[in-house]
Amino acid sequence: MNMHADSQQSIRAAADGDGVVLTVPQPFSYIETLHYLKRSNEEVLHRVTEDGRILKLLRVRDRPLLMEVSNDESRGELRIRSLSGGREPERLLEAAAYVWEWFGLDADLNAFYRMASGDPVLGPLVARHDGLRIIGVPDLFEALCWSIIGQQITLSFAYQLKKRFVQTYGEAVDYEGERYWTFPDPAAIARLTPDDLRPLQFSRSKSAFLVGVAREAESGALDRTSTALRSGFDAAVARLTSLHGIGPWSANYALMRCLRYPEAFPIQDAGIHQAVRKLLGLEAKPSLAELRALYAPWAGWEAFATFYLWRSLSDQ
DNA sequence: GCCCAGGCACCGA
DNA sequence: TCGGTGCATGGG
């Protein structure tokens with residue numbers, strides 16, 4: 001896990017000595033963050049408590065750490081505590097850096113809003129969901145697996161598949177009567193054969209894709225910081241789509257949620273089409289020509305536009 | 001039964 | 001390059 005320069009400036013030890021405090025850049029909406037994190041009851045990679053704390057099991061320096069995130073709205077701060085797995089300052093700092101990355105706190109939302117506020121489709125969305133950031137998937141292997149799992153099936157079924165996958169091959173820690181999971185390590189999946197995944201109800205292709213990507217990741221060839229992924233957007237798309245099972249939608253999905261390219265745009269996404277249809281009051285899903293005209297002004301901000309469109313799907 | 005879900009690989013022209 | 005087809009499963 002790498003510390004980002006901006007995040008380091010914003011993290012300090014809590015005054016009472018329990019955990020660290022993260023000053024969040026504005027705008028940031030904790031409510032919107034929770035709304036996204038709570039969207040599936042089948043989610044097993046984090047838990048949101050009734051009083052609005054977020055619990056998540058991380059792997060920090062090769063050991064599990066159960067992290068708790070809570071919000072201090074009046075101060076514009078998040079507090080990060082360790083519930084189990086060690087409270088050394090270095091481990092807490094890494095957990096805080098993870099949150100910074102996870103919640104997309106590096107993004108300059110105001111710059112996006114300057115573009116979006118006058119847009120007929122995005123304008124109302126950014127007004128309604130002020131402070132919504134792109135909640136990410138910091139781990140590239142997890143992001144690619146999740147994109148493979150989500151291909152061509154309903155989101156609810158995708159969550160069921162992910163739950164089985166995580167609970168079969170991930171690592172668990174029990175805390176106060178609840179079980180918390182980490183996403184499976186590439187090594188655990190790399191040694192499987194695709195047939196091992198079929199009983200979990202993965203299709204033949206999804207099974208093969210997952211094992212293939214795990215073997216690639218296990219070989220070290222899927223480093224987030226690799227030249228192929230940091231030499232510009234087109235090069236990164238080319239690198240990811242060279243993987244079996246990663247097409248344009250999945251590559252853009254991972255570049256949006258993991259590598260955080262603002263121009264990443266999974267335009268084939270059924271959810272985007274559905275959102276546009278609803279927002280424009282269309283009978284049928286928009287044609288490609290309609291979409292092109294619509295998103296031309298979003299150039300350079302497509303990832304943010306996508307996340308706000310997805311958000312609109314759970315509006316009344 | 002039919003269509004659609006946060007698509008993709010593969011095939012033939 | 002482009003369009004058609006099979007794939008697995010669940011819900012409306």
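Just so it is clear: chains get the letters A, B, ... in the order the sequence lines come, proteins before strands, and each one is counted from 1.
Taking atom OH of residue A/Y159 and atom C1' of nucleotide B/dA5, one finds them 14 Å apart after rounding to whole Å. Straight-line distance from the CD1 atom of A/I272 to the C1' atom of B/dA5: 14 Å, rounded to whole Å. In this structure, A/D269 places its CG atom 10 Å from C1' of B/dA5, rounding to the nearest Å. Distance CG (A/L240) to P (B/dA9): 12 Å, rounded to an integer number of Å. Rounded to whole Å, atom C1' of B/dG7 lies 8 Å from atom CD of A/Q268. Taking atom CZ of residue A/F157 and atom P of nucleotide C/dG10, one finds them 5 Å apart after rounding to whole Å. Atom-to-atom, CD1 of A/I148 to C1' of C/dC7 comes out at 15 Å; the value is rounded to the nearest Å. Rounded to whole Å, the distance from CD on A/E42 to C1' on C/dG10 is 13 Å.
Taking the charged nitrogens against the carboxylate oxygens, A/E32 and A/R133 have no contact shorter than 4.0 Å, which rules out a salt bridge. The pair A/R12-A/E77 meets the salt-bridge criterion, with a side-chain N (NZ, NE, NH1 or NH2) lying under 4.0 Å from an Asp/Glu carboxylate O.
Counting only N and O atoms by type, the side chains of A/S70 and A/D72 include no donor and acceptor under 3.5 Å apart. There is a side-chain donor-acceptor pair under 3.5 Å between A/S314 and A/R311. In summary, the side chains of A/T49 and A/D51 do present a donor paired with an acceptor at a separation below 3.5 Å, with no hydrogens or angles considered.
Place A/L155 and A/G245 on DNA chain B by their nearest nucleotides, and A/L155 ends up nearer the 5' end. Between A/Q274 and A/G247, the one whose closest nucleotide on DNA chain B sits nearer the 5' end is A/Q274.
Heavy atoms of A/S250 sit under 4.0 angstrom from primed sugar atoms or phosphate atoms, though from no base atom. Counting any heavy atom pair closer than 4.0 Å across all strands shown, A/F202 reaches no nucleic acid atom. Looking at heavy-atom distances under 4.0 Å, A/Q151 makes contact with sugar-phosphate atoms alone, never a base. Residue-level contact check: A/S203 touches the backbone only, with heavy atoms under 4.0 Å from sugar-phosphate atoms and none from bases. Using a 4.0 Å heavy-atom cutoff across all strands shown, A/L313 reaches no nucleic acid atom at all.
Taking side-chain N and O atoms only, A/S156 has no distance below 4.0 Å to OP1 or OP2 of C/dG11. Look at A/Q160 and you won't find any side-chain N or O under 4.0 angstrom from OP1 or OP2 of C/dT9. Taking side-chain N and O atoms only, A/K206 has no distance below 4.0 Å to OP1 or OP2 of B/dA9.
Residue A/H244 places its side chain closer to B/dC10 than to any other of B/dC10, B/dG7, C/dT9. For A/Q201, the side-chain atoms get nearest to C/dT9 when compared with the rest of C/dA8, B/dC8, C/dT9. Relative to the side chain of A/I153, the nucleotides C/dG10, C/dA8, B/dA9 differ in distance, and C/dA8 lies closest.
Aromatic rings from A/W146 and A/Y159 are positioned such that their centres are separated by under 6.0 Å.
Comparing the P positions of B/dC11 and C/dA8 gives a spacing of 15 Å, expressed to the nearest Å.
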